[in-house]
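Start at 1 and go down the list; that is how both ligands and their atoms are numbered. On a predicted model such as this, the values are computed, not experimentally measured, just so you know.
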Amino acid sequence: MIKIFRLKNIISVKDFEREDIEYILNEASKLENIAKSKETSEELKGKILGLMFFEPSTRTRMSFETSMKRLNGECIGFENSKSSSVSKGESIADTAKMIEGYSDALVIRHELEGVSKFISDIVEVPVINAGDGAGQHPTQTLLDLYTIKNEIGFIDDLKIALIGDLKFGRTVHSLAYALGLFNNVKIYLVSPPELEMPQEVLHDLDKTNVKYEKVDSIEKIIDDINVLYVTRIQKERFGDINDYLKIKGAYIINRKMLEGKDLIVMHPLPRIDEIDTDVDNTKYNKYFTQAENAVPVRMAILKTLIKNNPK
Ligand code: NCD
């Protein structure tokens with residue numbers, strides 16, 4: 001039996017218990033009909049979501065907006081710091097407190113780790129972390145798990161390879177923490193040496209049931225995995241562009257590598273060149289389905305947080 005969702009804010013996957021994840025995935029599947037048939041429901045009628053996006057976003061921002069609108073709520077906010085008064089020198093704290101006055105929940109994306117947590121400490125409404133620098137991206141993880149559950153059928157016993165920028169990629173940090181809550185999961189970590197999974201995350205994984213292994217090539221593990229989770233090299237987080245140029249294109253997945261394999265390919269997107277477009281029209285491609293799944297999952301998140309925490 002899935003209990004009530006305990007959290008007021010969604011800041012870090014480290015705050016989750018397995019039941020919290022299962023609660024949201026279950027709610028999302030109940031909302032999938034509305035999301036996919038492009039209908040609406042009245043669940044959040046009259047409610048307003050405040051979007052504070054200091055860093056670029058397409059899918060995350062648009063899927064939060066779509067999710068709110070499908071539940072008959074509305075959105076306000078800004079999509080880059082230039083169009084907010086932060087560019088005039090206003091503090092993030094003042095901006096957040098002001099938008100809190102207008103809305104029932106806040107969604108925040110910022111280039112600095114810890115900003116959503118900071119804001120959640122100073123406002124009363126629920127706060128959702130939509131990506132904080134190289135930190136975490138917990139709502140992406142929920143939609144990743146939803147996709148895995150729908151496409152593979154299980155999360156316990158999963159064998160997954162995380163590929164690409166494991167150092168700066170916040171989606172893989174969050175996903176690794178979440179998989180630590182399931183049983184008998186095996187994670188293969190495939191990255192250039194410069195972009196390995198942070199020691200802190202590995203240290204935390206050591207305390208879970210997850211087994212992980214660093215490998216230097218995809219070929220070694222491709223026959224043993226259910227999911228190939230590919231990530232973009234996070235160019236914007238490199239201090240020196242030459243370091244990025246040296247690593248760029250380190251791992252590229254193409255159709256030929258996948259032929260005859262029993263796995264799915266996921267990617268939080270945007271894709272640069274990590275997955276050849278010849279994979280797009282194959283059964284392996286689940287990255288666009290994954291992006292579509294953002295809507296039922298974020299509908300579930302918004303409905304749960306806003307209804308559990310009325311203003
Ligand atoms: C990711 C992000 O912003 O962390 N994108 C997303 O939200 N789907 C991945 C990325 O930017 O590479």
Side-chain angles (χ1 to χ4, degrees), residues 10-13 24 28 49 51-68 75 77-81 107-117 128-148 160-178 189-192 194-195 197-198 201 227-238 244 247-253 264-275 285-299 301-302:
I10 297 189
I11 305 293
S12 162
V13 174
I24 295 294
L49 181 65
L51 300 170
M52 299 173 62
F53 278 76
F54 295 93
E55 258 199 339
S57 172
T58 308
R59 274 150 294 274
T60 304
R61 186 177 51 77
M62 288 176 71
S63 61
F64 266 113
E65 277 189 42
T66 306
S67 303
M68 199 59 191
C75 296
F78 52 87
E79 53 188 79
N80 62 63
S81 44
V107 178
I108 298 159
R109 170 171 286 195
H110 199 279
E111 63 271 22
L112 289 179
E113 277 183 58
V115 165
S116 320
K117 169 78 179 92
I128 301 169
N129 176 7
D132 60 340
Q136 291 224 4
H137 196 350
T139 66
Q140 177 72 40
T141 292
L142 290 166
L143 73 93
D144 292 345
L145 295 173
Y146 185 77
T147 305
I148 293 170
I160 182 169
L162 306 180
I163 295 175
D165 188 346
L166 308 185
K167 180 179 180 190
F168 296 120
R170 53 196 173 199
T171 66
V172 281
H173 301 162
S174 295
L175 184 55
Y177 278 118
L189 303 164
V190 190
S191 70
E194 299 85 343
L195 298 179
M197 186 65 95
V201 179
V227 180
L228 197 60
Y229 190 101
V230 189
T231 62
R232 171 180 74 88
I233 310 272
Q234 309 278 300
K235 182 180 175 186
E236 67 277 26
R237 313 222 187 275
F238 282 73
Y244 166 73
I247 297 167
K248 185 179 174 293
Y251 293 100
I252 296 180
I253 309 300
I264 62 168
V265 178
M266 293 175 63
H267 190 310
L269 303 177
R271 150 179 69 182
I272 310 303
D273 57 1
E274 318 76 54
I275 304 176
N285 166 10
K286 293 296 170 198
Y287 29 96
F288 294 129
T289 307
Q290 184 184 354
E292 215 179 314
N293 286 339
V295 176
V297 173
R298 291 193 166 117
M299 285 170 78
I301 292 166
L302 292 170

Q234 N/O under 3.5 Å from ligand 1 N/O =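 Looking only at distances, the answer is yes, because the N/O contact criterion of under 3.5 Å is met.
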
N/O of T60 under 3.5 Å from N/O of ligand 1, yes or no?
->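 Between T60 and ligand 1, an N or O pair is found under 3.5 Å apart.
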
Keeping the roles fixed (side chain from Q290, backbone from H267), state whether a donor-acceptor pair exists under 3.5 Å.
->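 Checking the backbone N and O of H267 against the side chain of Q290, a donor-acceptor pair under 3.5 Å is found.
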
For S67 and V295, indicate whether the former's side chain and the latter's backbone hold a donor-acceptor pair under 3.5 Å.
->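 Yes: the side chain of S67 pairs with the backbone of V295.
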
For ligand 1, is there an atom lying under 4.0 Å from some heavy atom of E55?
->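 No; E55 lies far enough from ligand 1 that no heavy-atom distance drops under 4.0 Å.
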
Could you tell me if any non-hydrogen atom of P270 lies under 4.0 Å from any atom of ligand 1?
->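 Checking ligand 1 against P270, which is what was asked, there is a heavy-atom contact under 4.0 Å.
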
Polar contact flag, side-chain donor to acceptor under 3.5 angstrom, R109-H137 =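 Short answer, yes.
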
Out of R232, R59, R170, H137, whose heavy atom sits nearest atom 3 (O) of ligand 1?
->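 Looking at heavy atoms only, R170 sits closest to atom 3 (O) of ligand 1.
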
Please say which of I163, V265, V172, I148 ends up in a side chain to side chain contact (heavy atoms under 4.5 Å, CB included) with Y229.
->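 Option passing the side chain to side chain contact (heavy atoms under 4.5 Å, CB included) with Y229: V172.
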
Please say which of E194, E55, E111 ends up in a salt bridge (Lys or Arg N to Asp or Glu O under 4.0 Å) with R237.
->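 In the set E194, E55, E111, the residue that makes a salt bridge (Lys or Arg N to Asp or Glu O under 4.0 Å) with R237 is E55.
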
Proximity of T231 to ligand 1 by residue part, where a heavy atom lies under 4.0 Å |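 Answer for T231: neither.
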
Pairwise distance CG(L175) to CD(Q136) - rounded to 0.5 angstrom =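 Result: 10.5 Å between the selected atoms.
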
Among all protein heavy atoms, pick out the one at the shortest distance from atom 6 (C) of ligand 1; state its residue, atom name and that distance to 0.1 Å.
->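 Nearest protein contact, heavy atoms only, for atom 6 (C) of ligand 1 is L269 O, 3.5 Å.
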
For atom 8 (N) of ligand 1, grab the closest protein heavy atom and report residue, atom and distance to one decimal in Å.
->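 Checking every protein heavy atom, the shortest distance to atom 8 (N) of ligand 1 gives P268 O, 2.9 Å.
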
